[in-house]
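Here's the structure, in structure tokens; my notes come after.
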There are 2 protein chains.
Amino acid sequence: MANARVRLARKPADQYHHGDLQRALLQAAVRTIQKQGVHALTLRAVGEDLGVSRSALYRHFTDKAALLAAVAREGFRMLRIELEGAWEGGGRGRAGFEAMGHAYVRFALAQPSHYRVMFGSGLERNVADPELAEEGTRAFLALVNALVEQQRQGLIRPDDPEQLAHFIWSLVHGISMLAIDGAFRPGTDIELLTRLSLERVHTGIAPELAPDAG
Amino acid sequence: MANARVRLARKPADQYHHGDLQRALLQAAVRTIQKQGVHALTLRAVGEDLGVSRSALYRHFTDKAALLAAVAREGFRMLRIELEGAWEGGGRGRAGFEAMGHAYVRFALAQPSHYRVMFGSGLERNVADPELAEEGTRAFLALVNALVEQQRQGLIRPDDPEQLAHFIWSLVHGISMLAIDGAFRPGTDIELLTRLSLERVHTGIAPELAPDAG
DNA sequence: ACCTGAACACCGTTCAAGT
DNA sequence: ACCTGAACACCGTTCAAGT
């Protein structure tokens, strides 16, 4: 909304359009994907959006897949920040961990197209982008770290943290994907499903038998 | 393999190529997707494969999305049969339920491209195909039924079966998708991850506290 | 160094025409 | 009723040429 104004501001007319076209291309791509979905992302459209030739992109990205990889990388960065924020904000304990789960699913539902690019079919962004891999790993580590810290507090049984992280990541990813794809019944309350699922998970990974049979 | 022979058999040369082109198109599409992925599925290629014009398909499917919907429907049918087989073969109890989980993930890993079409981006097959929805529901019901039967046996706590099914479906779907997309570390043992995950799930959904703290 | 614009090969889809 | 083949609008990508 407010950003739209910025592009109307004065710009050096007889210069190249952007001092940092690479960055502008990435932002335009993210914007298009979030608003209209991946299918609307054509190199022609993103070029037109920036007032630039459709082949100008090839100066900054090797091809469309590389552009999508950059979009995915940006997505993982955003997701990690959300997860860390939820964990900290929730008090780095069981409440914070549950908040992480909700934050994950909420992120996917708020940015479904962006989320799909992050976990793409391999059709798009089939490139083995090392920066993308690293950003994905960092997001995953936010989850692992939260598990380890809870294990230190005796809140979670001392299983292999990475295995536990894989388990929980799979769960929230599955909920997110099925919700995005509309696989659940129309009226399904995703937040409720997430809460109940995390409840079941906790009872499973708790070290002792909690007396909460209420 | 054996089916490849059939197409070499005598055919009425001066007739239309197929008595049931619709069925042949679907089979060719499934074959192409399983062998070469969705990106290789072009209407030109599938037509060429059957010795038919590229626009002949439009007599039998409204468009490419409808063809993909048929592929997805066939996939759900295959998946349901696998799930039911595992449940029955495992003795309709806890072992059978765990076998269902493994069968699900194994199906996805064996037919990754086919599985992706089933849970497509909405990019492809965005059509609201009622037959597809029904076949998907039938596969889901195989899971719900197994849960209800275990609840009757006292093997699972009496939560809402549909919610429990959503929870578990999300888990196995998440494991499958992340494994297909190569999101796990290269050497990751998916079968082991599935087993450990199902173990954690069971401890969570069991009605009583099992004395297996070994 | 950065961008343009024409060209190429490839799509899905349509439609008048054939049998 | 079923299929053909030319045509259309749309892609991503390349490359010689401009500044």
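Chain naming here is simple, since letters A, B, ... match the order of the sequence lines and numbering starts at 1 in each. All figures in this text were calculated on a predicted structure; none of them were measured in a lab.
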Side chain Asp181(B), main chain Ala183(B), donor-acceptor under 3.5 Å: no
Dot-bracket pairing map - DNA chain D, Watson-Crick plus G-U, both contacts under 3.5 Å, | cross-strand: ||.|||||...|||||.||
Nucleotide of dC15(C), dC11(D), dC3(D) approaching Thr42(A) most closely (side-chain heavy atoms): dC11(D)
Residue Tyr58(B), side-chain atoms from C-beta onward, closest of dC11(C), dT14(C), dT13(D): dT14(C)
Distance, rounded to the nearest Å, where Asp63(B) contributes CG and dG12(C) contributes C1': 9 Å
Trace of the ring pair (Phe, Tyr, Trp, His ring centres under 6.0 Å) decision for Phe76(B) with Phe119(B): CA-CA 10 Å; Phe76(B) 277 114; Phe119(B) 297 94; 5.4 Å; yes
Distance, rounded to the nearest Å, where Phe61(B) contributes CZ and dT14(C) contributes C1': 19 Å
Nucleotide of dG5(D), dT13(C), dG12(D) approaching Ser53(B) most closely (side-chain heavy atoms): dG5(D)
Side chain of Leu43(B) (C-beta onward), nearest among dG5(C), dT13(C), dC3(D): dT13(C)
Centroid separation Phe140(A) to His166(A) less than 6.0 Å: yes
Carboxylate-amine/guanidinium contact Arg185(B) Glu162(A), below 4.0 Å: yes
His60(A) side-chain proximity, nearest of dT14(D), dG5(D), dC3(C): dC3(C)
Residue Ser55(B), side-chain atoms from C-beta onward, closest of dT4(D), dT4(C), dG12(C): dT4(D)
Rounded distance in Å - NZ (Lys64(B)) to C1' (dC11(D)): 13 Å
Rounded interatomic separation in angstrom, taking CG from Asp20(A) and C1' from dA1(C): 14 Å
Shortest side-chain distance from Arg54(A), nucleotide among dC3(D), dA7(C), dG12(C): dA7(C)
Spacing of Leu41(A) atom CG relative to dC10(D) atom P, expressed in whole Å: 17 Å
Crowding at CD, Glu88(B) (>12 non-hydrogen neighbours, <6.0 Å): yes
Integer-rounded Å distance: dC11(D) C1' and Leu57(A) CG: 14 Å
For atom CD of Glu48(A) and atom P of dC10(D), their distance in whole Å: 12 Å
Rounded interatomic separation in angstrom, taking CZ from Arg59(A) and P from dG12(D): 19 Å
Side-chain donor or acceptor of His102(B) paired with backbone N/O of Phe97(B) under 3.5 Å: no
No-H, no-angle donor-acceptor pair, Arg44(B) side chain to dG12(C) base, under 3.5 Å: yes
Over 12 non-hydrogen atoms of neighbours within 6.0 angstrom of CD in Glu134(A): no
